[in-house]
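Just follow the structure's listing: the first ligand is 1, and inside any ligand the first atom is 1. Starting from 1, each residue takes its place in the sequence as its number.
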Amino acid sequence: MSVSVVRETKRILRKELKKWIAGLTEEERQLQSENVVKQLLGHPVYQKSKRISVYLSMPQEEVNTEGILRHMFTNGKICFVPQYIGPKMEMLRLHSMEDYESLPVTKWNIKQPAEGDAREEALSSGGLDLIIMPGLGFTLEGDRLGRGKGYYDKYLQRCAEHSTGMPATIAIAFKEQIAEKLPVTENDRRVDEVLYGYKDGS
Ligand SMILES: Nc1nc2c(c(=O)[nH]1)N(C=O)[C@@H](CNc1ccc(C(=O)N[C@@H](CCC(=O)O)C(=O)O)cc1)CN2
Ligand SMILES: Nc1ncnc2c1ncn2[C@@H]1O[C@H](COP(=O)(O)OP(=O)(O)OP(=O)(O)O)[C@@H](O)[C@H]1O
Ligand SMILES: [Mg+2]
């Protein structure tokens with residue numbers, strides 16, 4: 001597939017996946033979120049990680065990460081969250097649930113630290129052990145379709161070039177976000193593992 005065909009295919013797939021997710025009921029999304037968060041909290045890679053980046057979920061669109069935040073703050077993990085400004089994304093320190101609640105939302109309805117908010121930045125303060133990855137679609141081999149700005153691909157590229165080294169990556173998803181195959185280019189980085197929710201709670 002040529003680069004432009006991949007780009008167009010990704011665009012169509014993003015639209016389809018957004019529709020799929022929007023078609024789930026609130027209850028289904030909540031049950032799957034609880035299930036996949038439980039899998040993550042029991043995962044040995046999460047358990048041994050200290051410095052962890054987690055995305056702040058968009059209501060109705062993504063696996064809800066509030067349970068992860070609560071667990072991190074009560075279990076001595078050091079929490080970093082994305083801040084995207086223009087083409088660039090950083091991971092900045094988040095201190096508590098109160099800190100989380102007080103964050104402003106971006107024009108895409110994502111909670112994040114305001115521009116100019118002076119916070120510890122992950123790569124200049126020791127790097128990350130684990131990144132919990134958002135996205136619209138995933139394969140079980142770790143291919144990932146994001147929201148189309150390349151923020152995470154570029155961030156992982158920076159991590160790879162940085163002295164603190166490459167963090168582990170675990171994606172969390174609704175089972176409806178799992179695809180057999182996804183179009184990818186050479187900039188797309190695979191995630192180490194994809195965890196997804198089961199509606200029956202098993
Ligand atoms: N919760 C959460 N936070 C996150 C991400 C994410 O996927 N989930 N990101 C992961 O990257 C970064 C933000 N990524 C974004 C990617 C696209 C658009 C956006 O403007 N989307 C529009 C228009 C797209 C366009 O103009 O081409 C849209 O979707 O309608 C916003 C943020 C950082 N924070
Ligand atoms: N490491 C990189 N360096 C430079 N540009 C990159 C890099 N990774 C991705 N890009 C560019 O970013 C744009 C969006 O990439 P892509 O369509 O893969 O986004 P995505 O993976 O869906 O988004 P995200 O990573 O933000 O969730 C593409 O034009 C791509 O070439
Ligand atoms: Mg990509």
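Tyr84 does not carry Lys149 over the face of its six-membered ring by the limits of under 6.0 Å from the centre and within 45° of the normal.
Each of the atoms 21 (O), 24 (P), 25 (O), 27 (O) of ligand 2 lies under 4.0 Å from some heavy atom of Arg144. Interface atoms of ligand 1 facing Tyr55, defined by a heavy-atom separation under 4.0 Å, are 1 (N). Taking every non-hydrogen atom of Lys10 and a distance limit under 4.0 Å, the qualifying atoms of ligand 2 come out as 16 (P), 17 (O), 18 (O).
Around atom 14 (N) of ligand 1, the closest heavy atom drawn from Tyr152, Tyr84, Tyr151 belongs to Tyr151. When the options Lys111, Lys149, Arg147, Lys154 are ranked by their closest heavy atom to atom 24 (C) of ligand 1, first place goes to Lys149.
The CE atom of Met58 sits 10.5 Å away from the OG1 atom of Thr65 when rounded to the nearest 0.5 Å. The CG atom of Leu123 sits 6.0 Å away from atom CG of Leu128, with the distance rounded to the nearest 0.5 Å.
Contacts between Leu136 and ligand 2 below 4.0 angstrom, taking non-hydrogen atoms only, are absent altogether. In Arg147, the part holding a heavy atom less than 4.0 Å from any atom of ligand 2 is the backbone. Residue contacts with ligand 2, taken as heavy atom pairs separated by less than 4.0 Å, do not involve Arg7 at all.
Residues satisfying the ring pair (Phe, Tyr, Trp, His ring centres under 6.0 Å) criterion with Tyr196, sequence neighbours excluded, are Tyr198.
Counting heavy atoms of neighbouring residues, nucleotides and ligands inside a 6.0 Å radius, atom CZ of Arg7 does not exceed 12 of them.
Within a 4.0 Å radius of atom 29 (O) of ligand 2, the protein contributes no non-hydrogen atoms. Remark: atom 6 (C) of ligand 2 lies closer than 4.0 Å to at least one protein heavy atom.
Between the side chains of Ser125 and Glu120, at least one donor N or O sits under 3.5 Å from an acceptor N or O.
Below the 2.8 Å limit, the Mg ion (ligand 3) has as protein N, O or S neighbours Asp153 OD2, Asp188 OD1.
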